[in-house]
Amino acid sequence: MLNLPQIKPVHQHPSLGDLATIRGRLQTAQGPEYWRSLEELAGSQEFQEFLHREFPQQASEWQDAMGRRRFLQLMGASLALAGVSACSRQPDEKIVPYVRAPRGGMVPGKPLYFATAMTLDGVALGVLAESYMGRPIKIEGNPQHPASLGATDAFAQASVLTLYDPDRAQAVTTQRGQISTWNAFLTTLRTALEAQHLKDGAGIRLLTETVTSPTLVQQIHTLFTRFPGASWHQYTPVNDHTVQAGARMAFGKDVTPLYHFEKANVILALEADFLASGPSTLRYAHDFAQKRRLPGTSTAMNRLYVVESSLSLTGAIADHRLPVRPSAIAGLALAVARALGVIANGSATIQAQVAPLSRLAPYPPASEMQAHWIKTVAEDLWQHRGASLVVVGRQQPPLVHALAHAMNNVLGNVGHTVVYTTPVAAQPVDQLGSLRTLVEDMAAGRVELLVILGGNPVYTAPADLPFAQHLIRVPLCLYLGLYANETSALCQWHIPETHYLEAWGDARAYDGTVSLTQPLIAPLYNGKSAPELLAALLEQPEQSGREIVQEYWRSQYEGADFDQFWRRALHDGLIADTAFPPQEVQLRTDWLAEAATPAAPSPGLELLFQPDPTIWDGCFANNGWLQELPKPITKLTWDNAALLSPATAEWLGLSNEAVVELRLQGRSVRAPVWIVPGQADDVVTVHLGYGRWRTGRVGAGTGFNAYTLRTSEAFWAGRGLEVHPTGERYLLATTQHHHSMEGRHLVRAGTLQQYLEQPYFAQEMSHIPQPQETLYPPQDYEGYAWGMVIDLNTCLGCNACVVACQAENNIPIVGKREVQRGREMHWLRIDRYYKGPPHQPEVYHQPVLCMHCEHAPCEVVCPVYATVHNHEGLNDMVYNRCIGTRYCSNNCPYKVRRFNFLHYAETHTPSLQLLHNPEVTVRSRGVMEKCTYCVQRISAARIQAQLENRTMRDGEVVTACQAACPTGAIIFGDINDPSSHVVRLKGTPLNYGMLTELNTRPRTTYLARLRNPNPALGDAPG
Amino acid sequence: MPEDTGRPHVQSEPPSPIRGTGHTYASVTDKISAITLSRRTPRGWLLGFGVAFLVVMVLLFAITYLLAVGVGIWGINMPVAWGFAIVNFVWWIGIGHAGTLISAILLLMRQQWRTSINRFAEAMTLFAVACAGLFPVLHLGRPWFFYWLIPYPNTMDIWPQFRSPLVWDFFAVSTYGTVSLLFWYIGLIPDFATLRDRSQSSIGRIIYGMLAMGWRGAARHWHRYEIAYLLLAGLATPLVVSVHSIVSFDFAVALLPGWHSTIFPPYFVAGAIFSGFAMVLTIAIPVRAVYHLEEFITMQHLRNMALIILTTGLIVGYGYLMEAFTALYSGNDYEIFTLYNRMFGPYALLYWLMLGCNVLAPQVLWFRQVRGSVPLLFVIALIVNVGMWLERFTIVVTSLHRDFLPSSWGMYYPTIWDWATFVGTIGLFVALLFLFLRFLPMISIFEMRELVAETTSSDAT
Amino acid sequence: MQSLHTPPNLSLYGLMAEFATPDALLEATRCARRAGYRNVEAYTPFPVEGLAEALDFHRTSLPLVVLLGGAIGGLGAYFFQYWLNVMHYPLNVGGRPLHSWPAFIPVTFEMTILIASLAAVLGMLALNGLPMPYHPLFNVPRFALATRDRFFLCIEARDPQFDRTETRRFLESVAAYEVFEVEP
Amino acid sequence: MAQIFHPSTNTIARVSILGAVFIFAGLLWLMAALNRSSYATEEGVVRQQPIQFSHEHHVGGLGIDCRYCHTSVEVSAFAGLPPTETCMHCHTHIWSESPFLAPVRESFRTGQPLVWTRVHNLPDFVYFNHSIHLHKGVGCVTCHGRVDRMPLMSKTQSLQMEWCLACHRAPERFVRPREFVFSMDWQPQEDQRTLGQRLVQEYHIAKLTTCSICHR
């Protein structure tokens, strides 16, 4: 058997030379030694190597020098027909045991799971991290955590890659770039603080993102007791200040609305992407799905109306979606409110308020249509008083939020579908104002010591606040951040921040639940956590993060046995019963007085800012998995674009990839155009987070910087946008070029009504008569027979499964150029189809992975048995046997197979090899690969069951995609077990197989998508 | 010891001309063997070979780069996982069909005119098959494991998967190569003997002598020889039909719309003969002019080949028609879409060009004048070669690039490396051909003698 | 005449006569057979019709060899595939039956042809006793023309009726162009 | 023309043709043989190790159970390699000064692990699980040989795919009662076939020869 050099998995035990040594050190070291050994590591040759290493997705064809040499050896060998004798001597392999056996009941070769929490914009998501021989390699959801309930989003899945990212800041640097040490930093800090003591710290400023961590807050308060003159500023580019302001306007105090979608039958969402954007989406998506799914006999299904300007995932699953420009939504909300009797009819009539919503919207005339629409929606909401809900997104002005509160109040939803709690932000402030005052202070030279904890304000600050130029003048500026970025470049000191998998900490989840963060690995890059840095500011630098967090909670805990409480908390990853209780709120009577009625939308183009669906505000810019993750709607990778509606594009005479100059209030940026059906006319949507000018090798040179147009008044949306074609073109990389189903019944959809009348409509759709008879003898699968069902009715297209699959199966990224060539490697892709008129299409998502056909067309044509069936009906892919004829892919009607056209696998960067899942082979160049139903998980479960002399239970094997899915749209199990969930679902009328007319007998089937349109509005999506 | 008187003078050199020409056993032998045995190499040959050799170097470079970096250097992707490599493979194999066809089928049909063209037609076959054989190996993701297609006992206890058309291909092509080689070689044995006996240089004598295996034209040998030749012809005929049928299985067995079609085998075979004869013409016409072989390769030959091209061209045209018809008649949306996509999709131009080259262009061969005009024939032959390449491109690419799921539709654009490999093999083909013309008799000498004999006797009667 | 000067006791391979036309050779061959010569062989630049018959050489076992070759190739190939798929390592390939005989046919067919063809060529060479780079006949310079335009008839010395002078006379009597003595 | 070749060439020609056939066959045989030879499989090859550790002494002599060092063998895919700690349990007391054990003490002091060279080394794309094999009654000896007679460790089996398949196709030929899997010198009391067949029933041993059992 030829030992294939390219195939180099990180094995259960250290296998590769360099890796072995690294991991050897990681393992053998304990506590402080561990620490030291990592510093040694930093000095070691292989470490240096990976610091200066090209990334896989830059995989220029010649880049793979190793491969070339290896290849020549192999060629020589096989040409000399030694190949036939398989020159099967394997290279010697080193194996490195521990010096002292690890604590914590770790069994070599078996993974451990630890509960911890990831924060995004300060708000926590509880997760379980899978640790393999001391290496965190995979993130799963924490079932006990209210924000997760076992699910994860794409960001959490991809966060492990950031942990091992060799581009992360490696050392304390000073003078904008010189390598220094933590101790040198402490000395500087001490002198600075002494100076400040004299003036009560009047020169001290602290700039953070939104902070929810009780520990951190307490530290900050201690800091201010020492330095009364100091002040604390918060700024997060994607913040909720509109939500806060809205609540304050309506109730006169700081409260946050928490929604209970599981109780809502009719939902009106105003520019609210509550299913896919924000810290609570996983929970909301889960709750929403409760009312969406049709379990067995129940026929109750909620109805979702969405009014938004840019097609979002929430809009995509809506039963009725009305695309209107941002500025028109206020008027529309006002109209609904008026229709609901929230406000007495003022001077303005609905007509006046609403028209002109859109100059370009085709038939029927905007005003009429919308008048009817508004009336119907209002009635529907009214009929479901107490079980209806009006939700508003952060892009909308406070007024609209206030209106929503008022409407929910009138509809009697408060206390049922919506409750109000204390904001999770420890100190909810108007972050824009907060930043502005800081800038003013800097300008006035009042700031002598500026401490920036995380974030990247130089890049994300509004363009009208000259943050950067004043920052340079600050005498001493300390920055704590994961990466050397735009901000670190302008700060005297940059302290590398720890990744959440390396650090102790705590943070509140969307509902206030305190979630604990605990490290799974000692800081790889010498990092410090925010609490540790604050400890240094409090002149207790010796305090470890562990002590800080533990001490805080010891002080908070009244109970008897703290250690037990603490152990429990760490085990669960959260502190029980810390969620904020609902508050009584009273709608102010005069709230509307101070609310200026919104100006009727001016003609002309508008600009809408949105956090990027895959790299958010730019903090994930250097994460290859997220960069290459197709954006849910546009299917773009590696870039952002100016999103236009087809009509607007036509009116401006623009086509895809045409570069335009966007001008807003004297600022301008050049951006490529991408036309999106369902986008409201006259609106250009741009995603934040791209166009970074100081970032790692992955993020460098991707997209354009939308922040350059973003000012504090045009923070979410701006009017008077000018679009100037430049005549240039910029090539974008999309993973889907064709958006129509060509009348093929791939995604089968119907209305609830249709389903009630004709439950089997989906199965009857298949227009080609299905051959039930076959020439092949039946294959009987005794024991287990694996199968999957994907519920299109609850699939949101949120991409969590895609990244989960990538993380679980060591799927490489290939880079923009290869994506353009159509060579992306995702085993699980989400197809997105449009149906109906381009300005108001129905949108369908369909996750497509290997169907594991019982009559697999791919297997028959493989000349070397590289893909065959196993005894449980899996369609095995044997990488080490594959010679790469690619015939299987040609013969796969679902095109789910992926081929390593070049050497894509990451086999050179040691730090990234630590990330590899040792249970899955790393594929070499020239090898076909595809979804395996996570065969490694099946094997593990099978063996475990047999060791315990039992059979596998239903739900014991959970595929990576299934585990990640927030709505439980993916169900996997044994189709030989009549009691299994998957069998139950396959029995339902909605179950159908894709392309079954080819007699492929797929093991993966779908549940048809149902929509629940309001008869009064007709079947039209609008 | 008798007086050797009255030696009958009737037996002194009887003039026995080939019809029309004044050729005798001696003259045909001398004229043909002179080409190979002449000591000085013509300038034109050197020039031509030199150019071809340079192109072969391009091929070698392309291959080295390919092996070093991977098939990713080509334009292939998902969904179009097969590109130029397979297109060229099928094209070359098709060309490789004329030789065996001429030697085998025409022999069985007792077509005498075959004699003057079968030798280099067979040579052409071998070289075409050699070029074709490169691609299936090169297009592998891991070419150094190509030998896993060969059934050999191994420690993995794993053998080839005999349900795969690629394994059939492997057997078909290698068998075809071997049999063609045998055919060619035994055809050459008596001529090697001739060269052995006429070569002036000792090296020549030794080399040709070894190749001739000591052939001395004994009557019993000739007897067995003719039987063996006939049997080989009988075996090669079904073989030649089977090979392209099996190549067509690569497509017909797959379930892809545009591939999955029962008409493929016959229509591929016809296409093969079509392109094969086109290539024979493309070579025969210049060679005949350069080496002044008009008496051996007569206008009659060219006319016959023109007719065969016309006929097979019509069959191919019928194939296209049937493809369209079955697609439409089947009512299968995917089939219909594929047809539509070929006609009006992004690659429509190539499709119509293909129809023009393969169906329209040959129609002019209905006219006697055209069949009689050498330059026109040459042009048409070239057009057909191009057309057949386009056909393979259309079949491979347009079926793949838009199949069942619109979400995974894509495009295929060849890269410089695709072209280098393709052009390179043409260079290889030409270079081998040059070597052949220089060192081996391009026309079967002994069969020409036979022809002389037959024409003499038929003249006598 | 150089042939006259050759010492009588010198052993010969045989006597060889040269002819200018196939018909003459054919005629001479028939005479030789009639005259009772058995170890006779005719040499021609191309296959001459009727010559083998004239030498009373009719049947050759070659077709049988080829038939056997084909049978071995075909059966061998088919049963190998059967053994492999059904007995040796049964694997479920795309739900197809283990013994998918239609899929085994192409390879069976190709192997039939291959082995049969090899049998034909190798059989022919073997039965003809080739390769035989050295042969006494090549000692005769004129014999080089046997691959050009001359026709030869050789009566071998091992023929019971062979007699140096008698045979030479006989050959001259059948109007040979010239007669050579072939040294072994 | 004169003779080109010497009479001997006839023989030479025939012999060389015949010879070619034999040489070709010979080559094929040679490759097959080489592949299974200990050169390729490295059976019986002793590797350079940091310490001259003798299984013969520790297992055969002192009768230490396999699991004392290979702790995870019953629960994990990976049998486990003893941490230096384990060695020191005893060697702080006995042979505590032995120069042979210097590397062990060094490792224990510095925290630098001992770096061993794998003896039983499967290709990286093969996923073998110790625990399940033990559970199904495959003895250590079956694959690792009589380690209690090995002063220095070496392979006794080829560990090639055909070798794996031999057992996966006919487990009854190799399995033993669970209680004896760690025994070095167990011999079947009855006919292995009958015993094996009984155990195959009892332990529900399936004949798993599909690819994903070992390759993923």
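In what follows, chains carry the letters A, B, and so on, assigned in the order in which the sequence lines appear, proteins first and then strands, with residues in each chain numbered from 1.
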Peer 1: Taking B/Leu231, B/Leu182, B/Ile189 one by one, which has the highest count of heavy-atom pairs under 4.5 Å against chain C?
Peer 2: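 Top count of heavy-atom pairs under 4.5 Å with chain C: B/Leu182.
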
Peer 1: Got more than 12 heavy atoms from elsewhere within 6.0 Å of NE2, B/His260?
Peer 2: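 Check fails, neighbour count at 12 or below.
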
Peer 1: Among B/Ser33, B/Ser164, B/Ala218, single out the residue with the greatest number of heavy-atom pairs under 4.5 Å to chain C.
Peer 2: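 Going by pairs under 4.5 Å, I would pick B/Ala218.
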
Peer 1: For B/Pro238, is it the side chain, the backbone, both or neither that has a heavy atom under 4.5 Å from a heavy atom of chain C?
Peer 2: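 Backbone plus side chain of B/Pro238, per the 4.5 Å heavy-atom cut-off to chain C.
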
Peer 1: Donor-acceptor check, side chain of B/Trp168 to backbone of C/Ala103, threshold 3.5 angstrom: yes or no?
Peer 2: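 Answer holds: yes.
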
Peer 1: So, for C/Ser117 and B/Val179, which heavy atoms are closest and what is the spacing to 0.1 Å?
Peer 2: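 In this case the closest contact between C/Ser117 and B/Val179 is OG-CG2, 3.5 Å.
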
Peer 1: So with a 6.0 Å cut-off around CH2 of C/Trp101, is the heavy-atom count from everything else above 12?
Peer 2: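 For C/Trp101, atom CH2 is not crowded (no more than 12 foreign heavy atoms under 6.0 Å).
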
Peer 1: Heavy-atom distances under 4.5 Å only: say whether C/Asn85 touches chain B with side chain, backbone, both or neither.
Peer 2: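 Contact with chain B is through the side chain of C/Asn85 alone.
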
Peer 1: Determine the option with the most heavy-atom pairs under 4.5 angstrom with chain B, choosing from C/Val66, C/Leu51, C/Leu127.
Peer 2: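 Among C/Val66, C/Leu51, C/Leu127, the one with the most close pairs to chain B is C/Leu127.
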
Peer 1: Sort C/Leu55 into side chain, backbone, both or neither according to what part of it lies under 4.5 angstrom from a heavy atom of chain B.
Peer 2: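 Both parts, backbone and side chain.
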
Peer 1: Of the listed residues (B/His223, B/Arg198, B/Glu226, B/Glu447), which shares the most heavy-atom pairs with chain C below a 4.5 Å separation?
Peer 2: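 With the most close heavy-atom pairs to chain C, the winner is B/His223.
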
Peer 1: When you measure from the side chain of B/Arg449 to the backbone N and O of C/Thr147, does any donor-acceptor pair fall under 3.5 Å?
Peer 2: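 Judged by distance alone, yes, a pair lies under 3.5 Å.
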
Peer 1: What is the minimum heavy-atom distance between B/Asp197 and C/Ala144, and which atoms define it?
Peer 2: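 For B/Asp197 versus C/Ala144, the nearest heavy atoms are OD2-O, 3.5 Å.
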
Peer 1: Is the backbone N or O of C/Asn128 less than 3.5 Å from a side-chain atom of B/His221, with the two atoms forming a donor-acceptor pair by type?
Peer 2: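 Yes; at least one donor-acceptor contact below 3.5 Å.
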
Peer 1: For C/Pro63, is it the side chain, the backbone, both, or neither that has a heavy atom closer than 4.5 Å to a heavy atom of chain B?
Peer 2: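 Interface part for C/Pro63: both.
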
Peer 1: Is the shortest side-chain N to carboxylate O distance from C/Arg148 to B/Asp30 below 4.0 Å?
Peer 2: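 B/Asp30 and C/Arg148: salt-bridged.
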
Peer 1: To the nearest 0.5 Å, tell me how far B/Thr178 OG1 sits from C/Glu110 CD.
Peer 2: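 If I round to the nearest 0.5 Å, the distance is 10.0 Å.
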
Peer 1: What part of C/Leu84 gets within 4.5 angstrom of chain B, counting heavy atoms only: side chain, backbone, both, or neither?
Peer 2: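 Side chain of C/Leu84 only, per the 4.5 Å heavy-atom cut-off to chain B.
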
Peer 1: Looking at B/Ala172, B/Pro160, B/Gly209, B/Ser174, which has the largest count of heavy-atom pairs under 4.5 Å with chain C?
Peer 2: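 Answer, by heavy-atom pair count under 4.5 Å with chain C: B/Ala172.
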
Peer 1: Using only heavy-atom distances, determine whether the side chains of C/Ser100 and B/Arg163 contain a donor-acceptor pair under 3.5 Å.
Peer 2: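 Yes.
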
Peer 1: Do you know which two heavy atoms are closest between B/Ala228 and C/Ala120, and how far apart they sit?
Peer 2: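 Heavy-atom minimum between the residues: CB-O, 4.1 Å.
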
Peer 1: May I ask you to name which of B/Leu195, B/Thr29, B/Thr175 has the most heavy-atom pairs under 4.5 Å with chain C?
Peer 2: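 Looking at each of B/Leu195, B/Thr29, B/Thr175 in turn, B/Thr175 comes out on top.
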
Peer 1: Using the side-chain contact (heavy atoms from CB on, under 4.5 Å) rule, take C/Phe80 and B/Phe162 through it: C-alpha gap first, then chi angles, then the decisive distance, then the call.
Peer 2: CA-CA 10 Å; C/Phe80 172 72; B/Phe162 282 95; 3.6 Å; yes

Peer 1: Checking B/Leu235 against chain C: side chain, backbone, both or neither under 4.5 Å from a heavy atom?
Peer 2: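 The answer is both parts of B/Leu235.
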
Peer 1: Considering only heavy atoms and a distance below 4.5 Å, find which of C/Cys154, C/Ala54, C/Ala116, C/Gly123 pairs most often with chain B.
Peer 2: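 Option with the top pair count is C/Ala116.
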
Peer 1: State the OG1-CZ distance between C/Thr60 and B/Arg224, to the nearest 0.5 angstrom.
Peer 2: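 Output value for this atom pair is 5.0 Å.
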
Peer 1: Rounded to the nearest 0.5 Å, what separation is found between the OH atom of B/Tyr25 and the CZ atom of C/Arg150?
Peer 2: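 One finds 11.0 Å between OH of B/Tyr25 and CZ of C/Arg150.
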
Peer 1: Could you look at C/Phe152 and say if it's the side chain, the backbone, both or neither that has a heavy atom under 4.5 Å from chain B?
Peer 2: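 For C/Phe152, no heavy atom lies under 4.5 Å from chain B.
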
Peer 1: Would you mind checking which part of B/Thr194 comes under 4.5 Å of any heavy atom in chain C, side chain (CB onward), backbone (N, CA, C, O), both or neither?
Peer 2: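 Contact with chain C is through both the backbone and side chain of B/Thr194.
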
Peer 1: Could you state the interatomic distance from OG (C/Ser61) to CD1 (B/Ile227), rounded to the nearest 0.5 Å?
Peer 2: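 CD1 of B/Ile227 is found 9.5 Å from OG of C/Ser61.
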
Peer 1: Name the member of B/Leu232, B/Ile445, B/Val243 that forms the most heavy-atom pairs with chain C at distances under 4.5 Å.
Peer 2: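 The residue among B/Leu232, B/Ile445, B/Val243 with the greatest pair count is B/Leu232.
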
Peer 1: Applying a heavy-atom distance below 4.5 Å, give me the residues of residues 38-48 of chain C that approach chain B, sorted by number.
Peer 2: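 Near chain B, by residue number: C/Val40, C/Glu41, C/Ala42, C/Tyr43, C/Thr44, C/Pro45, C/Phe46, C/Pro47.
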
Peer 1: Mind checking the CH2-CG spacing from B/Trp215 to C/Leu125? Nearest 0.5 Å is all I need.
Peer 2: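 That separation rounds to 9.0 Å.
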
Peer 1: Kindly compute the distance separating CD1 (B/Ile158) from OH (C/Tyr89), expressed to the nearest 0.5 Å.
Peer 2: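 That separation rounds to 5.0 Å.
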
